[in-house]
Amino acid sequence: MNCKLKSPVQVGGSGAGSTGRPAGGCDNEASIIEEEQQMSSDYNPSVLETKWQKQWEDEKLFKVDIDQSKQKYYLLEMFPYPSGRIHMGHVRNYTIGDVVARYKKMTGLNVLHPMGWDAFGMPAENAAIAGGVHPKKWTYENIEYMKIQLKRMGFSYDWDREVTTCDVDYYRWEQLFFIQMYEKGLVYRDRCFLNWCDSCKTVLANEQVEDGQCWRCGSQVLLKEYDQWFFKITRYSQRLLDNIEKLKNGWPERVLIMQKNWIGRSTGSLIRFAIDGTDKDIEVFTTRPDTLYGATFMSLAPEHPLAKTLPEGTGQELAVKAFVEKTLKEDKFTRTSETYEKEGVFTGRYCINPLTGYRMPIYIANFVLYDYGTGAVMAVPSHDQRDFEFARKYGLHIIVVIQPEGETLSGETMEEAFEGEGLLVNSGDHTGMKNTDAMKAITEHLQKIGRGEFFVNFRLRDWGISRQRYWGAPIPVVHCGKCGTVPVNKEDLPIILPEDVKLTGTGESPIAQVDSFVNATCPVCKGPAKRETDTMDTFVESSWYFIRYCSIKPENKPFDRKDVDYWMPVDQYIGGIEHAILHLMYARFYTMILHDLGYVGIDEPFEHLLTQGMVIKDGAKMSKSKGNVVDPEVMIARYGADATRLFTLFAAPPEKDMDWSDQGIEGTYRFLSRLWRLVQEITDLEGASQDEKVPASMEDIQRKTHQTIRKVTEDIDRRFRFNTAIAAMMELVNELYKAKDRARDESEVGVIKKALEYLLIMLSPFVPHISDELWEVMGGSGMLLLHPWPEYDAKWAEDVHVTIAVQVNGKLRATIDVPKDALQPEVEAKAFSDGNVKRFMEEASIRKIIYVPNKIINIIAVSH
RNA sequence: GCGAGAGUGGCGGAAUUGGCAGACGCGCUGGACUUAGGAUCCAGUGGGUAACACCGUGGGGGUUCGAGUCCCUUCUCUCGCACCA
């Protein structure tokens with residue numbers, strides 16, 4: 001019937017090799033005739049889905065606005081990068097979100113459910129280098145296509161709120177925030193060693209380096225020295241940590257643990273060691289000030305600035321230089337792995353132990369991290385395994401200062417460092433103290449002599465946001481020969497990314513070649529100046545898009561405060577676990593910044609977080625190289641959006657990985673076909689939908705219906721378990737099929753029709769197209785999204801009869817049906833009358849009976 | 001090494017508070033309808049047995065009338081962190 005009718009998406013070769021019954025498939029003349037004949041009764045998703053999508057759009061069904069009379073609910077899914085087409089991960093993420101959004105709306109909440117595009121980023125640039133298409137054109141074309149795909153899935157987005165981060169009208173506000181942060185000292189420029197990906201030709205934040213490799217392309221990361229812009233996220237370390245308390249009820253524990261570890265708060269002391277023969281100090285952070293009397297040398301990271309200056313005049317210059325160069329060339333991941341051989345070089349200088357006066361040789365050591373603490377470590381070989389190995393290798397002095405109970409260690413004979421607790425020895429006035437007490441005492445002593453203090457150290461580093469790339473938001477700063485580096489005037493914003501650029505992929509920022517962009521006027525002295533040509537990390541854009549959604553196309557402002565106050569925070573955020581640290585930490589930080597700048601009233605953006613699992617196929621993540629990619633578009637063409645949605649929800653609970661199965665989706669397609677036929681057959685029967693007068697013959701159906709309402713509501717609302725909700729509805733369908741065959745009069749049919757209506761309402765968040773269609777078939781009016789969610793009738797949801805398991809000595813011997821809440825004597829009598837129970841009670845006498853009402857009766861017997 | 005999570009039929013998964021293990025679906029087996037069935041419907045489907053018995057939630061131990069669920073121990077897998085001073 002519909003050979004000419006195509007779904008709006010084009011699919012190559014979808015018919016061939018199809019195992020199921022492809023909707024609208026036209027193999028030969030006969031099948032066309034057959035389909036024409038069956039037109040009214042066959043489930044044909046492509047036709048009805050596009051029909052309803054059009055209707056929803058025509059009626060602006062998904063449009064939402066502030067409504068003070070209603071409670072709001074902000075449901076957000078992580079927006080996609082417009083790579084070209086949606087993949088199964090998107091489908092899963094957005095289907096989960098859509099179910100919740102539609103459900104919440106039906107329960108009467110005012111639901112904000114927006115979508116947009118994380119549109120800046122490297123793939124656009126790479127595509128331009130490879131194919132000669134301008135990143136802007138490439139990106140906007142991808143957006144257009146993916147938007148059609150998302151609409152074809154039936155997702156309930158209010159597209160009037162669409163955010164595209166590469167729009168000037170979006171990133172201009174980011175430039176304003178940048179300047180305001182600069183004014184508050186939250187932005188600074190620093191020269192430092194940074195992770196450089198030679199393949200992506202860009203700098204990476206620490207968070208973007210995984211196992212020493214680029215998080216995006218997987219190539220080896222190198223260290224390069226660079227001038228970079230930083231956001232001072234470290235000023236918010238404690239707040240980011242403290243606020244985790246607020247998120248405990250709404251976020252998965254493991255995400256919070258990951259963030260906690262990433263922030264990495266540890267308490268200890270900061271100690272200053274005087275460098276012998278100079279007036280300079282080396283500062284170290286340590287969590288073990290109690291071991292200070294045993295500190296016999298000093299280790300510096302190769303990147304430490306003193307590595308350059310210390311050896312001067314000692315004769316060690318060349319040796320140190322060679323060692324530093326060699327070490328920095330090694331990849332950092334290997335170099336800092338625990339098993340790596342510890343190596344170092346003497347700088348020729350000494351520093352003084354503030355407690356013992358011991359002249360500690362200063363080494364450069366490959367295992368010391370410049371990123372952590374002060375980049376310098378006081379070495380206590382007796383009580384730190386790393387220092388111990390290092391000391392043995394280079395013949396350095398080992399002094400025991402903590403003795404474990406009942407043992408006497410000595411520096412000469414010990415085979416490994418002792419890192420446990422004990423009493424202090426060789427520790428001057430502190431000798432004899434418990435080492436745990438000595439931590440405080442020694443630090444207080446250092447405070448008195450001006451050599452140290454208590455200190456809280458964080459692992460979290462400042463967020464480097466400069467990227468040597470084209471397709472990003474320009475950093476609104478100029479470099480002036482006279483005034484130095486200064487932010488542009490706010491009135492001069494936006495700094496628009498020039499479009500006429502040559503993309504070569506050489507590592508130079510492409511906009512550096514655009515004279516009209518680079519040459520600027522200094523906002524301070526009005527003299528000639530050069531614009532900053534780096535662009536911002538795209539994680540900046542994704543750190544506030546969810547706030548932007550709150551306002552519909554705001555003019556001359558980033559968003560409207562009254563909109564934000566109404567909608568924020570996000571009530572439920574849904575996305576991949578891969579963003580547990582990066583995106584979610586940055587977004588939390590940025591929200592705090594916007595709070596402190598007075599833009600928003602909240603300081604945590606996401607109340608509840610759901611991290612959905614990956615979609616895998618044949619036990620592996622989908623990837624082109626493995627050839628196990630499932631294209632959603634093909635699935636939509638073959639089975640429809642509803643079946644695709646239903647399967648992604650049914651195959652696994654949302655937080656677990658789900659295994660894609662080509663046979664599995666056939667099952668959900670079959671279920672929908674079955675539902676389709678059920679409705680057709682039932683509407684043919686005489687009898688108006690009713691459940692006021694339930695005939696005795698239909699009481700079980702009425703009960704099952706209300707139990708299903710209860711189950712589905714709880715599964716969605718309380719548990720986020722869509723797979724079990726769907727299973728419950730499948731059970732109801734099975735029951736209704738059986739009931740249909742035994743229905744004899746109109747009142748019986750009426751109960752089934754009523755049940756079917758409840759079912760369609762409940763199915764509508766999951767499979768909205770077929771639900772609306774069948775609702776119409778059954779004579780229902782309007783669209784189900786506007787229909788209130790059903791409430792179960794407690795009187796029907798409760799069982800009247802229950803099945804009780806009868807155990808003899810803990811083993812199941814029978815099941816019996818009894819009235820609900822039956823008393824023990826009645827249940828016992830019935831249990832003992834069972835033949836099998838009798839059999840097992842022969843030759844035995846009762847010792848005890850345990851009865852759990854409505855569940856189980858366990859007869860404990862002893863044989864004689 | 002540290003932290004978190006997981007391990008249940010041939011497969012995906014269910015069992016929400018310690019109370020009938022395997023809901024629902026896939027697959028498979030048999031049957032019905034049929035020129036045909038890759039459509040649909042009906043029945044069956046953890047192992048075992050003629051039927052019972054019995055055995056079954058990674059392994060071992062424990063608590064309990066009763067354990068997939070709690071405790072101890074051990075193995076395997078996944079994820080995160082990993083020389084963090």
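So you know, we letter chains A, B, ... as the sequences are listed, proteins then strands, and number each from 1.
- Partners of Arg742(A) according to the salt bridge (charged side-chain N to carboxylate O under 4.0 Å, His left out) rule, which considers only residues two or more places apart in sequence or in another chain, are Asp700(A).
- In this structure, Arg839(A) reaches the sugar-phosphate backbone alone: every heavy-atom distance under 4.0 Å involves primed, P, OP1 or OP2 atoms, never a base.
- Note: CZ (Arg92(A)) to C1' (G12(B)) measures 12 Å, nearest angstrom.
- In this structure, the NE2 atom of His304(A) is 13 Å from the C1' atom of A85(B), given to the nearest Å.
- When the P atom is compared between C24(B) and U78(B), the two are found 33 Å apart, to the nearest whole Å.
- The nearest heavy atom of RNA chain B to Asp387(A) and to Ile577(A) marks one nucleotide each, and the one closer to the 5' end goes with Ile577(A).
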Expected string for nucleotides 20-26 of chain B under the B/S/- scheme (protein heavy atoms, under 4.0 Å, primed atoms plus P, OP1, OP2 as sugar-phosphate) is B--BBSS
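- Protein atom CD1 of Ile362(A) is 22 Å distant from nucleotide atom P of A85(B), rounded to whole Å.
- Among the atoms of the strands shown, only primed sugar atoms or phosphate atoms (P, OP1, OP2) are found under 4.0 Å from some heavy atom of Asp657(A).
- Side-chain nitrogen and oxygen atoms of Lys811(A) include at least one within less than 4.0 Å of the OP1 or OP2 phosphate oxygen of C55(B).
- Protein atom CZ of Phe840(A) is 11 Å distant from nucleotide atom P of C52(B), rounded to whole Å.
- In this structure, Lys711(A) reaches the bases: a heavy-atom distance under 4.0 Å links it to at least one base atom across the strands shown.
- Residues satisfying the side chain to side chain donor-acceptor pair (under 3.5 Å) criterion with Asn249(A), sequence neighbours excluded, are absent altogether.
- Residue contacts for Ile860(A): at a heavy-atom cut-off of 4.0 Å it reaches the sugar-phosphate backbone alone, with no base atom in range.
- Note: Tyr394(A) and Phe390(A) have tilted aromatic rings, judged against thresholds of 30 and 60 degrees for the angle between ring planes.
- The residue Arg721(A) sits close only to the backbone: its heavy atoms come under 4.0 Å of sugar-phosphate atoms, none of a base.
- Taking atom CD of residue Glu416(A) and atom C1' of nucleotide G1(B), one finds them 14 Å apart after rounding to whole Å.
- U29(B) is paired with A43(B) under the Watson-Crick or G-U wobble criterion, all donor-acceptor distances under 3.5 Å.
- With G12(B), C83(B), A53(B) as the candidates, the nucleotide lying closest to the side chain of Lys342(A) is C83(B).
- Judged by distance alone, the side chains of Asp462(A) and Thr234(A) do bring a donor and an acceptor atom under 3.5 Å apart.
- With 3.5 Å as the limit, one finds no donor-acceptor pair spanning the side chains of Asn366(A) and Thr327(A).
- Taking the P atom of each, U57(B) and A21(B) are spaced 12 Å apart, rounded to whole Å.
- Atom CG of Asp662(A) and atom C1' of C11(B) are 14 Å apart (whole Å).
- Look at the C1' atom in both G12(B) and G1(B): the space between them is 35 Å, to the nearest Å.
- Rounded to whole angstrom, the span from the CG atom of Asp715(A) across to the P atom of G13(B) amounts to 17 Å.
- The side chain of Ala652(A) lies closest to G13(B), out of A4(B), A82(B), G13(B).
- At the phosphate of C84(B), OP1 or OP2 sits under 4.0 Å from a side-chain N or O atom of Arg386(A).
- Salt-bridge check for Asp281(A) with Arg451(A): passed, with a basic side-chain N closer than 4.0 Å to an acidic carboxylate O.
- Separating the CZ atom of Arg719(A) from the P atom of U17(B) is a distance of 9 Å, rounded to the nearest angstrom.
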Polar pairs (N or O, both sides) under 3.5 Å between protein and nucleotides 61-64 of chain B?
none

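- In this structure the side chain of Tyr792(A) never reaches within 4.5 angstrom of the side chain of Thr705(A), judged on heavy atoms.
- Between Glu416(A) and Arg392(A) there is no salt bridge, since no side-chain nitrogen of the basic residue lies less than 4.0 Å from a carboxylate oxygen of the acidic one.
- Remark: U35(B) base-pairs with no nucleotide; criterion is Watson-Crick or G-U wobble with both hydrogen-bond distances under 3.5 Å.
- Tyr363(A) contributes no side-chain N or O that, together with a main-chain N or O of Phe297(A), makes up a donor-acceptor pair within less than 3.5 Å.
- By the 4.0 Å N-to-carboxylate-O rule, Glu343(A) lies close enough to Lys326(A) to be salt-bridged with it.
- Checked by atom type and distance alone, the side chain of Asp799(A) never pairs as donor or acceptor with a backbone atom of Val802(A) at under 3.5 Å.
- Classification of G62(B) as anti follows from a glycosidic angle more than 90° from 0.
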Under 3.5 Å, which protein N or O atoms sit close to an N or O of nucleotides 45-51 of chain B? Give each pair with its distance.
none

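- Between A51(B) and G68(B), the two P atoms lie 26 Å apart (nearest whole Å).
- Going from the P atom of G5(B) to that of A50(B) covers 46 Å, rounded to whole Å.
- Residue-environment remark: NZ (Lys260(A)) stays at or below the threshold of 12 foreign heavy atoms within 6.0 Å.
- Distance noted for atom P between C42(B) and U49(B): 31 Å (whole Å).
- The P atoms of A53(B) and G47(B) are separated by 16 Å, rounded to the nearest whole Å.
- Across all strands shown, G9(B) has no partner, as no Watson-Crick or G-U wobble contact with both distances under 3.5 Å is found.
- A 6.0 Å sphere centred on NZ of Lys393(A) holds more than 12 heavy atoms belonging to other residues, nucleotides or ligands.
- Aromatic rings of Phe650(A) and Phe671(A) (six-membered ring for Trp) have centroids beyond the 6.0 Å cut-off, not under it.
- For residues 726-739 of chain A, every residue pair satisfying the side chain to side chain donor-acceptor pair (under 3.5 Å) rule, not counting sequence neighbours, is listed here: Arg674(A)-Asn734(A), Lys704(A)-Glu731(A).
- Residue Arg254(A) is classed as a sugar-phosphate contact, given heavy-atom separations below 4.0 Å to backbone atoms only.
- When the C1' atom is compared between G9(B) and C55(B), the two are found 14 Å apart, to the nearest whole Å.
- A donor and an acceptor atom sit less than 3.5 Å apart, one in the side chain of Asn858(A) and one in the base of C65(B).
- Side-chain N/O atoms of Arg677(A) and base N/O atoms of U40(B) include no donor-acceptor pair closer than 3.5 Å.
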